[in-house]
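Letters go in sequence order (proteins before strands), and every chain restarts at 1.
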Amino acid sequence: MLAWYDAHARDLPWRAAPGTNAPDPYRVWLSEIMLQQTTVAAVRPKFAAFVARWPSVEALAAAPEADLMAAWAGLGYYARARNLHACARTVAERGGFPDTEEGLRALPGVGAYTAAAIAAIAFGARAVVVDANVARVVARVFAISRPLPGAMPDLRDATDRITPDTRSGDFAQAMMDLGSSVCTPRAPHCLACPLAEDCAAYRSGDPEGFPIKLAKAAKPQRHGTIFWAEQEGRVLLVRRPPRGLLGGMRALPTGPWADTPPALADPPFAAAWQMLPETVSHTFTHFRLELALAVARVDGHGPIGEWWSVTEMDSAGLPTVFAKAATAIRRARW
DNA sequence: TAACCGTGGCT
DNA sequence: TAGCCAAGGTT
């Protein structure tokens, strides 16, 4: 795997250039948080923007929370952004990142995978790194037939047995690159795989059949209303509660979610609300949401709040569902 | 343990 | 196109 990595490693901006010293722990940590359940393609531009604006963990720790949340908008899983800020402050306070897996694991937003990855990649420690790529590769090489996620202990044990004592960070990244480019979820390229001869799933003739996953639950449909209050080219934005769905993010006002389409539930304030004919649909991790759109023009006596210029909506840092709604409303004639 | 928590790329 | 999937963590 290390030989394969030396020849085929992806060129990623958070990796140290070949032949240089270990990469900056700040960049490794930031990339690992961004990459949680998120594709490399989505992370690339966000990572570049973050390191350009906040070149060090001290700079990130000193940033206003609202700036960080807005910069994260669009990446999803916003608890990561809240934890990112808390973690930056902790690290800046203690004068640098912990260099052990145990120390890293205690940081907010850093779980078993991320602690192992940072320890191995940034600090050269031997650590057993199991992400979704490694899990898939290992499940195939050993033809582990127990379904995920119950098989995770087996996968970790198997990964431990094949992790080298030196260059374990490169080994982990090699496994991730292999899983990303060769040992893919569907139609794996076994003829290009350095592990094919050692792979039980390949010998079985059905590599794609591993790992086995349990069927996912269907997503329920929910309904709600988004409120667009406009005053002299500005629209009223709110800050969502600090936890829960889209927690801490700037947003358009909404009513509650329900199982049936709303009439006109809980507008943020009294106004001549008008329902638009179109709706906006959005799918979250565990439910689908269809949103009715309520609009109103208000005079100079609108509520106190953050009135954001309509022509500068892109810089508001709205989560995707609100950006979608804003686009639909701005296109509508009303 | 299992529910909760986003989004965009890919097929 | 609708579903699958991703460098998971927290409660």
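- Comparing the C1' positions of dC5(C) and dG6(B) gives a spacing of 13 Å, expressed to the nearest Å.
- The side chain to side chain contact (heavy atoms under 4.5 Å, CB included) check on Ala332(A) picks up Leu276(A), Glu278(A), Trp334(A), with sequence neighbours excluded.
- When DNA chain C is scanned 5' to 3' for any atom under 4.0 Å from a heavy atom of chain A, the first and last hits are dG3(C) to dT10(C).
- Each of Ile121(A), Leu60(A), Leu104(A) was evaluated against Trp29(A); a single residue qualifies, Leu60(A), per the side chain to side chain contact (heavy atoms under 4.5 Å, CB included) test.
- Here Trp29(A) lies out of heavy-atom contact (under 4.0 Å) with every strand.
- Along DNA chain C, the nucleotide nearest to Leu107(A) and the one nearest to Asp177(A) differ in position, and the one closer to the 5' end is contacted by Asp177(A).
- Note on Val110(A): only backbone sugar-phosphate atoms sit closer than 4.0 angstrom, heavy atoms only; bases stay farther off.
- Heavy atoms of Ala172(A) sit nowhere under 4.0 angstrom from any nucleic acid atom.
- Looking at heavy-atom distances under 4.0 Å, Arg10(A) makes contact with a base.
- The side chain to side chain contact (heavy atoms under 4.5 Å, CB included) test applied to Ala59(A) returns Trp54(A), Pro55(A), Ser56(A), not counting sequence neighbours.
- Comparing Thr114(A) and Arg288(A) by the nucleotide of DNA chain C that holds the closest heavy atom to each, the one mapping nearer the 5' end is Arg288(A).
- dT1(C) sits 15 Å from dG8(B) when the C1' atoms are compared, rounded to a whole Å.
- At a threshold of 4.0 angstrom between heavy atoms, the contacts of Leu12(A) include nucleobase atoms, whether or not backbone atoms are also involved.
- Taking the ring axis of Phe210(A) as reference, the NZ or CZ atom of Arg140(A) does not stay both within 45° of it and closer than 6.0 Å to the ring centre.
- Applying the side chain to side chain contact (heavy atoms under 4.5 Å, CB included) rule to Ala120(A) yields the partners Ala127(A), Val129(A), Ser168(A); only residues at least two apart in sequence or on another chain are considered.
- Cluster note: Leu191(A) groups with Tyr202(A) through ILVMFWY side-chain heavy atoms spaced under 4.5 Å, whether in direct contact or through intervening members.
- Taking atom P on both dG9(C) and dG9(B), the two are 24 Å apart, rounded to the nearest angstrom.
- Ring to ring, Phe47(A) and Phe50(A) are not that close: their centroids are 6.0 angstrom or more apart.
- A gap of 23 Å separates the P atoms of dC5(B) and dA7(C), to the nearest Å.
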Problem set entry | Contact letters for nucleotides 5-11 of chain B, in which S counts primed atoms plus P, OP1 and OP2 and B counts the base, heavy atoms under 4.0 Å | BBBS---
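- The pair Arg167(A)-Asp170(A) meets the salt-bridge criterion, since a charged nitrogen lies less than 4.0 angstrom from a carboxylate oxygen.
- Taking 4.0 Å as the cut-off between side-chain N and carboxylate O, Arg15(A) and Asp177(A) count as a salt-bridged pair.
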